[in-house]
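Below is one structure, written out as structure tokens; the observations come after it.
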Amino acid sequence: MVSRDRTSGAGLLLQTLEGPIRYALLDWALDSGVFGFCESQVAADLLAQRMELPVGPLSLALRALVAAGFMEADESGFRTAPDILPFVKTGSPCNMIETLRMMAGTRHAGLGQFGALVAGNASGSGARLFDEAHWDAHHRSLAGFHRAVAAEATMPCLTGLPEWAQARTLLDIGPGSSALAARLLEARPDLRITLFDLPPVAERIRAETGSLPLDILPGNYNQTLPDGLFDIIWCSMSLYFHDKGLPALISRLSERLAPGGVMVSFHEALSDHRSAPSEHVLGRLLPALRQGDVSFADGEIADAMTGAGLVRPSSQLLSTAFGRFRLDAARKEI
């Protein structure tokens, strides 16, 4: 008997065909501004007048947006789904439109060369990913991602530490923005926070921080690290670019821990022979084919921490709006 389950067998194959349609639908909605037009319930004919579009095709697109979960509908018309609106509304502090554009560009680049990439004979790998120029160009979209979802998701990883209340200093490796630091200072105005990032990114962070009491230092962690010792060293989705191997980088970072200090990592943890979680394996496939797989295996960072002599390790698997991650922490002996 053929399964009726759409998540396996024939159902999975057929459901996958909807993927490009869902993205094209979202792409059109972001371009057209339809989410903004539908902040409150509006009838299709009135919306068609406002958008200067024919009501028939527009109605089809609106129904598809409802089917995709981006909008809601009743007898009086259509409106943007309340859980979607904060992330697509102009002027919202959680607006993710620029972030979505950047992530789509990174994740989809090379789709037209997929077979050639797998065969290892693609004509070109495209712009270099994840170097200084990349992060400089995408700072605004990354900062938007932090403000919208990442800072809220990661803040409890730090405030829940046993060491949090007594910590006096924190070093953030590759923060990308000041969004998390601003939240941490609201909770602990006395905490001295150092943000360490690539030079062009550090300058952009400095420009956005205003009067926040932060130490912002430029540099490349493969070459140098900030002077001094820190009670907490926080590394969130930033350890990929080591040039002498992860254990060497973790060992160097551990030297910057104060006695009793804690190093905390928030990264993906690939499992099942590096085939899960699906959001990381699929979402990073094109960048990996183009310029190498840098994702971490489950336990890889924890092993590097232990190898660097850190003790009392702890780990936790977390689910977020942007995927499943592993939180690792290990301490330097007093």
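All values derive from a computational prediction rather than experimental measurement.
- The shortest non-hydrogen separation linking Gly110 to Leu117 is O-CD1, 3.6 Å.
- A donor-acceptor pair shorter than 3.5 Å can be found between the side chains of Glu208 and His139.
- The shortest distance between side-chain heavy atoms of Asp27 and Arg101 falls below 4.5 Å.
- Side chains of Leu257 and Val262 form no contact here, defined as non-hydrogen atoms less than 4.5 Å apart.
- In terms of heavy atoms, Ala304 sits closest to Pro247 at CB-CA, 4.1 Å.
- In summary, the side chains of Ser295 and Arg284 do present a donor paired with an acceptor at a separation below 3.5 Å, with no hydrogens or angles considered.
- Relative ring orientation between Tyr240 and Phe296 is described as parallel, the plane-to-plane angle staying below 30° on a 0-90° scale split at 30° and 60°.
- A donor-acceptor contact shorter than 3.5 Å links the side chain of Thr80 to the backbone of Phe35.
- In terms of the side-chain hydrogen bond (donor to acceptor under 3.5 Å, both in side chains) criterion, residue partners of Ser177 (sequence neighbours excluded) are, by chain and number, His146.
- Using cut-offs of 30° and 60° for the angle between ring planes, the Phe325 and Phe266 rings count as parallel.
- Looking only at side-chain heavy atoms (C-beta outward), Trp135 and Asp197 stay at 4.5 Å or farther from each other.
- If you chain together hydrophobic residues whose side chains sit under 4.5 Å apart, Val294 and Met103 never meet in one group.
- Under a hydrophobic-cluster definition in which Ile, Leu, Val, Met, Phe, Trp and Tyr are linked whenever side-chain heavy atoms come within less than 4.5 Å, directly or via other members, Leu285 and Leu111 are assigned to the same cluster.
- No continuous path of ILVMFWY side-chain contacts below 4.5 Å connects Ile21 to Val34, so the two sit in separate hydrophobic clusters.
- For the residue pair His273 and Ser275, no side-chain donor N or O sits within less than 3.5 Å of a side-chain acceptor on the partner.
- The line from CG of Asp298 to OG of Ser315 is 8.0 Å long, rounded to the nearest 0.5 Å.
- In this view, Ser314 and Ala329, Arg331 satisfy the side-chain contact (heavy atoms from CB on, under 4.5 Å) rule, not counting sequence neighbours.
- Ion pairing of Glu39 with Arg79 is absent here, as no side-chain N (NZ or NE/NH1/NH2) approaches a carboxylate O to less than 4.0 Å.
- Going from atom CG of Leu65 over to atom CZ of Arg22 covers 11.0 Å, rounded to the nearest 0.5 Å.
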Check: Between Phe241 and Tyr221, does a ring-ring contact (aromatic ring centres under 6.0 Å, His included) hold up when you go through it step by step?
Finding: CA-CA 9 Å; Phe241 313 112; Tyr221 58 51; 7.3 Å; no
